[in-house]
Amino acid sequence: MHADTPDPSPGPAGGSFHSGLGQDVTTTDRTTSDEGSRAGRPRIERYEPTAIEPKWQERWAELRMYDTDLSDDSRPRYYLLTMYPYPSGALHIGHWYIKTPTDAIARYRRMHGDNVFLPIGFDAFGLPAENAAIKGGFNPRDWTMQNMEKMRGQLRSMGATFAWDAELATCEPAYYRWNQWLFLQLLDRGLAYRAISPVDWCPNDGTLAREQVEGVDRRCWRCGAKVEKRELAQWYLRITRYADELLDFSGIDWPEPIRVQQTNWIGRSSGAEITFESAPSPSHAGGAPIKVFTTRPDTLFGATFLVLAPEHPLVADLIAPERQTDVEAYVKAAADKTEIDRLSTDRDKTGVAIGAEAVNPVNGERVPIFIADYVLGTYGTGAIMAVPAHDERDFAFARRFDLPIVQVVMPRDASPHAELTEAFTAHTADEVMVNSGQFDGRQASEAWHDIVAWLAEQGKGEQTVTYRLRDWLVSRQRYWGTPIPVIHCPVDGPVPVPVADLPVLLPETVDYHGSGDNPLTRDEAFLNVDCPRCGGPAKRETDTLDTFIDSSWYWFRYLSPKLDDAPVDVDLVRRWTPVTQYTGGAEHAVMHLLYSRFFTKAMRDLGLVHESEPFRKLFNQGQILGADGERMSKSRGNVQDPDELVARYGADAVRLYLMFMGPWDQGGPWNTKGISGPVKFLGRVWALTIDPHGREAGDQTDGALPAGEDESDARDRLRAAAHRTLRDVTEDYEGFRWNTMVAKLMELSNLLVRYRGTSVAGLPEWNEAIRLLLLMLAPAAPHITEELWSRVLAANGAEWESIHVQRWPSVDETAIVEQTREVPIQVNGKLRDKVTVPVGISEIELEQIVLARDKVIAAIGDVPVARIIHAGGGRLVNIVLRR
RNA sequence: GCCGAAGUGGCGGAAUGGCAGACGCGGCGGUCUCAAACACCGCUGAGGGCAACCUCGUCCGGGUUCGAAUCCCGGCUUCGGUACCA
């Protein structure tokens with residue numbers, strides 16, 4: 001800063017005459033540590049986080065500081081939501097990584113006067129509880145409740161400001177009855193329905209989740225038996241009805257990668273549905289419509305065969321008797337594979353002809369029909385027209401089965417006779433039609449529309465849109481979830497449970513029989529009921545709901561977790577939602593974060609909520625990996641236990657270290673060593689505050705101010721640094737840039753350390769800097785700042801008031817204004833010199849000074865100066881020489 | 001394969017068109033101590049020079065610009081997601 005004024009002007013000497021200052025906050029311990037007094041240096045009380053953290057956590061809880069008054073309209077509302085944890089047993093460091101910075105946001109917003117609501121709860125249904133229960137022979141409820149109790153304690157140890165009075169657990173009837181209620185409403189609106197679909201089924205253990213099927217030969221994870229596919233009646237939610245609306249992200253501020261993922265997942269494809277007809281054959285009358293979906297109707301003349309999905313319903317009608325055996329064998333083989341296997345890209349194409357033909361509507365040509373598992377029954381119409389010349393998969397299939405390949409689209413200037421060695425899939429504005437009858441010579445992109453129009457005229461096709469997104473399968477053949485409120489009557493079929501009979505309670509006792517299949521199917525008391533419609537004997541539905549239902553509306557319920565006559569408090573929902581800021585992992589991109597958007601829209605259409613989007617702003621934090629760079633898991637033995645760290649370094653240090661590691665959205669490998677940085681920093685903040693006049697053994701400055709500074713310079717510099725830090729740190733808080741926020745506070749504390757024990761320690765500028773430092777640090781490290789704040793107040797004889805109810809300080813711009821500025825000087829873009837000049841200097845004056853510098857003259861030599869660039873507001877000067 | 005994110009010292013990272021490496025870890029030297037630990041002070045990208053200084057340097061190759069870690073084009077690598085979606 002004073003690089004060009006090296007001569008030292010000694011400031012007031014010594015640093016030992018300040019005990020009389022009113023603002024002296026030195027602790028009384030200074031005099032009690034007699035055995036530690038060595039070399040005339042009083043030992044100050046050390047920073048002991050474990051001694052202060054529980055104390056303040058209790059105090060905050062006693063004062064109910066963070067229960068939110070939801071009816072308070074006098075302040076801006078800030079609904080801060082963080083993904084609720086699954087009660088898996090214990091918190092891991094990843095929970096801290098997302099939750100403690102979220103708490104810093106809450107505290108920061110409160111210091112701006114916002115009414116912050118930061119609820120917490122538990123995603124308490126799910127498979128891990130059931131697996132643990134089967135293994136240990138106990139009730140999933142007991143396991144879940146115990147885990148929740150442990151995790152509550154751990155969550156409290158973060159010092160986070162959760163609104164515990166709003167806590168909810170989804171496994172409580174008070175919550176899941178409303179899952180059931182919502183399900184019935186969706187059923188009533190046609191947004192829930194039942195359909196048959198294949199599930200993985202083990203002969204010993206019943207239905208398996210996808211992750212319970214192991215290895216390429218698909219065996220049960222528990223008993224090793226070969227897993228089959230079974231057709232089961234399943235409940236679905238009609239999320240596809242909202243596909244187009246879900247593609248619209250206007251009005252929400254979400255990370256681009258999530259929006260892209262959701263968009264791809266929904267997978268809107270514009271194309272045409274084209275109707276082929278079956279050709280007559282000895283065993284089949286012909287004339288049956290076969291609908292195919294294509295995004296390339298312009299290639300219709302190139303369709304040389306048709307492929308149906310193996311499970312396509314028309315297969316049975318069309319099949320030639322002599323093909324029966326082969327086709328059945330193929331269909332069975334396909335059914336034994338999961339969709340994952342079927343979709344594996346590098347697999348060779350397989351399929352069989354079914355001995356039937358179809359008629360191409362555009363030219364009357366007869367083409368053979370195949371079934372092949374590369375066509376999916378669940379997408380489009382489950383049937384395609386195969387155009388091997390213009391589709392890679394069809395090309396591979398045609399090569400394999402020696403089928404004709406007819407090119408119908410080609411580049412304008414290409415030779416029409418060249419043989420294709422791979423599918424030609426380019427679809428720009430520059431291709432023309434060939435081998436396409438009346439469309440020959442037309443530009444392909446125009447022919448696309450012309451052919452669709454022609455088909456529509458003939459009643460043989462229409463333009464359509466297809467989505468990759470499927471309806472949401474919500475049936476789970478599991479005990480530990482929300483019972484689906486339906487009764488199956490032999491007379492009336494599936495009948496909804498009357499709303500008055502809700503909740504359908506999960507039975508208290510559970511008998512697993514040492515097996516993984518759903519014990520509800522064996523629970524006679526649960527199972528046997530009267531039909532609500534005809535009163536006759538009927539059976540309850542034994543499937544439970546996917547736990548993602550629970551998390552699809554939980555933030556509404558936080559506002560009134562105990563409300564017992566409606567799922568949500570319409571008035572509070574109107575005032576408090578959408579959620580202002582949501583924080584959580586990106587791994588939920590196309591599940592929870594998509595389902596929540598769907599549910600919000602569906603609940604809007606049910607008249608329950610007014611808005612269409614759940615979360616106005618979303619932030620996805622990164623993932624903390626093990627020290628080995630791998631995902632943390634018990635089996636790898638690389639899990640970091642936060643309790644251990646808290647016991648050793650304190651919650652504040654852990655919070656600060658997690659924030660300091662790097663950008664929040666980045667995550668990264670855990671490295672315990674690095675925590676010593678934040679630990680030392682907190683120790684310095686402690687020492688600076690309680691003992692401003694102390695000096696450490698080995699300090700060679702001898703209490704003198706830095707060379708070239710007098711006391712007035714030092715006071716200005718302290719004040720400028722404190723306010724500049726405040727300005728920058730405020731911006732970092734706003735942008736969730738915790739790592740640089742902490743770094744800047746470290747810089748300020750380093751500066752204060754330099755002045756500790758000098759004549760400016762304890763002066764008003766010093767005290768202001770300490771005060772700002774504590775306030776800026778308070779949201780991130782709430783305990784130590786609360787403790788030091790209370791000591792400062794006590795030392796000044798002031799009444800205690802929590803640091804966390806203080807207002808965020810405002811920047812004094814006049815403190816930051818400087819008299820001089822250091823200007824880097826470049827010659828041809830290379831740094832050659834620096835010069836300190838008065839702030840208001842003109843460009844002409846600056847040039848004169850710059851050009852007179854020895855180093856500049858040397859760098860220029862005898863080459864003429866072409867021009868001189870003054871970069872943005874005089875931040876830099878660049879002298880450009882003639883080439 | 002496709003989609004997304006990212007490549008900067010020994011390590012985590014900062015700087016997003018203007019002084020590369022803030023801040024921290026680790027390392028080296030010193031002070032304090034009987035000694036150690038703690039704490040404190042100084043140094044710490046590479047190479048050269050007694051020195052002042054000089055040269056090189058942000059994954060690789062081009063380009064734009066007075067000036068590029070940053071913008072553009074091409075490539076490589078790593079991580080995440082997805083998986084024959086017609």
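A note on names: the letters A, B, ... follow the listed sequences, proteins ahead of strands, and every chain is numbered from 1.
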Inset, instruction - Consider the side chain of A:Val753, meaning its heavy atoms from C-beta on, and name the nucleotide among B:rC41, B:rA86, B:rC85 that approaches it most closely. - result: B:rC41
Legend entry - Phosphate-side-chain proximity, A:Asn739 and B:rA14, N/O vs OP1/OP2 below 4.0 Å: yes
Inset, instruction - State the pairing partner of B:rU58; accept Watson-Crick or G-U wobble contacts with both distances under 3.5 Å, and report none otherwise. - result: none
Inset, instruction - Check the pair A:Arg717 / A:Glu818 against salt bridge (charged side-chain N to carboxylate O under 4.0 Å, His left out), numbers first and verdict last. - result: CA-CA 9 Å; A:Arg717 190 172 162 205; A:Glu818 284 178 335; over 6 Å; no
Inset, instruction - May I ask you to say what A:Arg259 touches in the nucleic acid, namely base, sugar-phosphate or nothing, with a heavy-atom cut-off under 4.0 Å? - result: nothing
Inset, instruction - Please give the nucleotide sitting opposite B:rU31 as a Watson-Crick or G-U wobble pair, both distances under 3.5 Å, or none. - result: B:rA39
Legend entry - Quiz item: A:Arg832 side-chain donor-acceptor pair to B:rC54 base, under 3.5 Å: no
Inset, instruction - Looking at every strand, decide which applies to A:Asn750 at a 4.0 Å heavy-atom threshold: base, sugar-phosphate, or nothing. - result: sugar-phosphate
Legend entry - Spatial distance of atom CD1 (A:Ile405) from atom CD (A:Glu422) [nearest 0.5 Å]: 11.5 Å
Inset, instruction - Compare the minimum distances between each of B:rC53, B:rG24, B:rA14 and the side chain of A:Pro663, then state the nucleotide with the smallest one. - result: B:rA14
Legend entry - Under 3.5 Å: donor-acceptor pair, side chain of A:Gln621, backbone of A:Gly667: no
Inset, instruction - Among the candidates B:rA15, B:rA83, B:rG24, find the nucleotide nearest to the side-chain atoms of A:Arg684. - result: B:rG24
Legend entry - Phosphate OP1/OP2 of B:rC66 contacted by A:Arg867 side-chain N/O (<4.0 Å): yes
Inset, instruction - Starting at CG of A:Leu645, measure out to OG1 of A:Thr672 and round the result to the nearest 0.5 Å. - result: 6.0 Å
Legend entry - Residue mapping more 5' on RNA chain B - nearest nucleotide basis, A:Ile879 or A:Ser269: A:Ile879
Legend entry - Rounded distance (Å) that lies between atom C1' of B:rC25 and atom CH2 of A:Trp670: 13 Å
Inset, instruction - Report, as yes or no, whether the 6.0 Å neighbourhood of atom CZ on A:Arg400 holds more than 12 heavy atoms from other residues, nucleotides or ligands. - result: yes
Listed pairs, N/O of protein and of nucleotides 16-19 of chain B, under 3.5 Å:
residue : atom : partner  : partner atom : Å
B:rG18  : N2   : A:Gln826 : OE1          : 3.4
B:rG18  : N2   : A:Asn878 : ND2          : 3.4
B:rC19  : O2   : A:Lys834 : NZ           : 2.3

Legend entry - Candidates B:rG13, B:rG26, B:rA86 - which lies nearest the side chain of A:Ser676: B:rG26
Legend entry - 5' priority, RNA chain B, between A:Lys673 and A:Tyr379 [closest heavy atom]: A:Lys673
Legend entry - Partner nucleotide, any strand, of B:rC50 [Watson-Crick/G-U, under 3.5 Å]: none
Legend entry - Syn/anti label of B:rG7 as read from its glycosidic torsion, with the cut at 90° from 0: anti
Inset, instruction - Heavy atoms under 4.0 Å is the rule here; annotate nucleotides 3-10 of chain B 5' to 3' with B where the base is hit, S where only the sugar-phosphate is, and - elsewhere. - result: SS------
Legend entry - B:rA14 OP1/OP2 closer than 4.0 Å to side-chain N/O of A:Lys744: no
Legend entry - Any donor-acceptor pair under 3.5 Å from A:Asn360 side chain to A:Leu300 backbone: yes
Inset, instruction - Consider the side chain of A:Trp265, meaning its heavy atoms from C-beta on, and name the nucleotide among B:rA86, B:rA83, B:rA22 that approaches it most closely. - result: B:rA83
Legend entry - Value rounded to 0.5 Å, distance of NZ in A:Lys855 from CG in A:Asp833: 5.0 Å
Inset, instruction - Report yes if the distance between the aromatic ring centroids of A:Tyr595 and A:Trp472 is under 6.0 Å, otherwise no. - result: yes
Legend entry - Pair A:Asp691 + A:Arg756: basic N to acidic O under 4.0 Å: yes
Inset, instruction - Return the nucleotide paired to B:rG80: Watson-Crick means purine N1 to pyrimidine N3 with N6-O4 or O6-N4, wobble means G-U with N1-O2 and O6-N3, both under 3.5 Å. - result: B:rC3
Inset, instruction - Indicate the ring-plane relationship of A:His588 and A:His592, choosing parallel, tilted or perpendicular according to the 30° and 60° boundaries. - result: perpendicular
Legend entry - Pair assignment for B:rA69, Watson-Crick or G-U wobble, requiring both distances under 3.5 Å: none
